[in-house]
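Here the structure comes first, spelled out in structure tokens, and everything after it is commentary.
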Amino acid sequence: MKAFDIQKIRADFPILQREVNGKPLVYFDNGATTQKPRQVIDAISHYYSQMNSNVHRGVHYLSQISTDAFEVTRRKLQDFIHAKHEHEVIITKGTTESINIVATCFGRTFIGEGDEIIISAMEHHSNIVPWQMLCDEKGCVLKVIPMNERGELDQEAYKSLFSSKTKLVAFTYVSNALGTINPVKEMIDVAHSQAVSVPVLVDAAQAVQHIALDVQALDVDFLVFSGHKMYGPTGVGVLYGKEDLLNAMPPYQGGGDMIKEVTFAKTTYNELPFKFEAGTPNIEAGICLNEAIDYINEIGLDQIKAYEDELLAYATAALAEVEGVRFIGTAAEKSSVISFVVDGTHPYDIGVLLDKMGIAVRTGHHCAQPIMEFYGIPGTVRASLAMYNTKEEVDALVVGLKRAIGMLL
Ligand code: PMP
């Protein structure tokens with residue numbers, strides 16, 4: 001493992017050297033997507049200039065090297081999340097598609113009228129809407145784990161939501177809008193200790209780039225995340241599922257690659273993981289995600305988390321000094337997301353003014369409208385930190401925020 005060298009890390013990300021609106025870019029929208037290191041960018045160029053070919057099909061050289069590289073990523077992902085089997089790693093378009101696969105294939109097969117699905121009050125829309133669509137279709141019922149003012153899930157209420165009709169639990173590891181880190185292992189244990197063990201889906205979209213994941217230690221049934229939030233390319237993500245569950249589910253889409261044999265009378269489906277990977281995947285993204293995982297592994301998630309935790313504490317203390325700032329999401333366990341509102345201002349106006357100073361933050365509901373409703377606000381300003389951010393950038397945010405507030409009030 002390399003020492004944590006922030007200047008070297010920053011030098012690896014070409015976009016961090018550019019200016020925006022005549023000011024050095026300060027990028028604090030990492031929860032939406034992270035920037036990419038040179039290693040990933042170069043791999044994409046290398047793929048198209050030296051390897052481009054379809055995977056899992058051709059006998060020719062280029063198809064074989066592309067297929068091998070694509071499968072290297074799958075094995076890398078298996079190690080990264082410590083899955084028992086390589087074929088438990090389904091390569092998808094991203095978190096949203098992965099959740100939709102489970103809602104469609106597991107949901108339509110194992111969830112019926114009157115059955116119950118438990119989600120939490122702090123879900124991203126992509127972990128709400130697919131379940132609502134299933135409920136509309138099947139007549140099943142959505143139950144929601146409430147949270148307190150700090151943005152922590154009520155664990156006692158969670159336990160009381162289970163009934164003999166509960167068929168699935170789905171919740172986020174880290175909230176993209178609040179930064180809360182949920183007690184995932186404990187919550188999985190609660191679901192598994194019901195009279196009939198209830199499977200659990202964990203949305204790790206905001207965890208995978210900050211916290212080391214071990215699906216076997218967690219004993220999680222499904223785990224989903226996106227490549228673009230972990231310094232990798234867009235258009236690729238993961239659905240991890242336990243082998244027996246994935247085997248029991250029908251395919252998601254029909255097409256090439258997911259079949260064993262097709263006649264007009266009958267089609268037999270391919271084995272895992274290909275059963276869930278119909279059609280040509282995003283080959284370049286799949287292959288180049290490998291570089292992003294290598295990049296993270298070389299630095300090590302323990303070092304990354306330690307650095308980001310320090311930065312989070314620094315940024316939280318610095319922003320707390322700014323008059324009028326009110327934090328939304330003050331859980332005891334937090335990842336590097338800081339959401340806040342400023343009394344008397346609209347988050348959008350703050351975001352626009354910060355942008356003029358080269359500072360990229362997110363404003364709005366962050367695809368989590370129920371959270372905003374809970375707090376009775378239209379949205380927040382969100383600064384989400386990554387391993388390449390610095391205390392100097394936090395200082396620039398504080399100065400910029402004070403200027404913005406001065407202009408608005
Ligand atoms: N879940 C969470 C917690 C997220 O933060 C996001 C992205 N903001 C998603 C799901 C959806 O991810 P994607 O758009 O990459 O599918």
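Values below: all heavy atoms of this structure, side chains included; hydrogens, waters and symmetry mates excluded. Just so you know, ligand 1 is whichever comes first in the structure, and atom 1 is the first atom listed for that ligand. In this chain, numbering begins with 1 at the start of the sequence shown.
Taking 4.0 Å as the cut-off between side-chain N and carboxylate O, Asp221 and Lys242 count as a salt-bridged pair. Using a cut-off of 4.0 Å between Lys/Arg side-chain N and Asp/Glu carboxylate O, Lys402 and Glu323 are scored as not salt-bridged. Salt bridge status for Glu291 with Arg38: absent, with no side-chain N to carboxylate O gap under 4.0 Å.
Shown in contact with Asn176 at under 4.0 Å from a heavy atom are these atoms of ligand 1, numbered in order with element: 5 (O). Taking a cut-off of under 4.0 Å to the non-hydrogen atoms of Ser226, the atoms of ligand 1 that pass are 12 (O), 13 (P), 15 (O), 16 (O). The ligand atoms of ligand 1 that sit less than 4.0 angstrom from a heavy atom of Thr172 are 3 (C). Below 4.0 Å from some heavy atom of Ser126 lie the following atoms of ligand 1, by number and element: 1 (N), 9 (C), 10 (C), 11 (C).
Among all non-hydrogen protein atoms, the one lying nearest atom 16 (O) of ligand 1 is Thr96 OG1, 2.6 Å. When only non-hydrogen protein atoms are considered, atom 1 (N) of ligand 1 lies nearest to Asp203 OD2, 2.5 Å.
Ligand 1 does not have Lys93 within reach: every non-hydrogen atom of the residue lies 4.0 Å or more from it.
In terms of polar-atom proximity, Glu97 is not counted as a contact of ligand 1, lacking any N or O under 3.5 Å from an N or O of the ligand.
Neither side chain, His124 nor Gln206, offers a donor N or O lying under 3.5 Å from an acceptor on the other. Side-chain N/O atoms of Tyr388 and Asn30 include a donor and acceptor closer than 3.5 Å.
Relative to the ring axis of Tyr231, Lys36 does not place its NZ or CZ within 45° and under 6.0 Å from the centre.
Looking at Arg362, His366, Lys229, Met122 and measuring to atom 7 (C) of ligand 1, the nearest heavy atom belongs to Lys229.
Proximity of the aromatic rings of His365 and His125 is defined here by a centroid distance below 6.0 angstrom, and this criterion is met.
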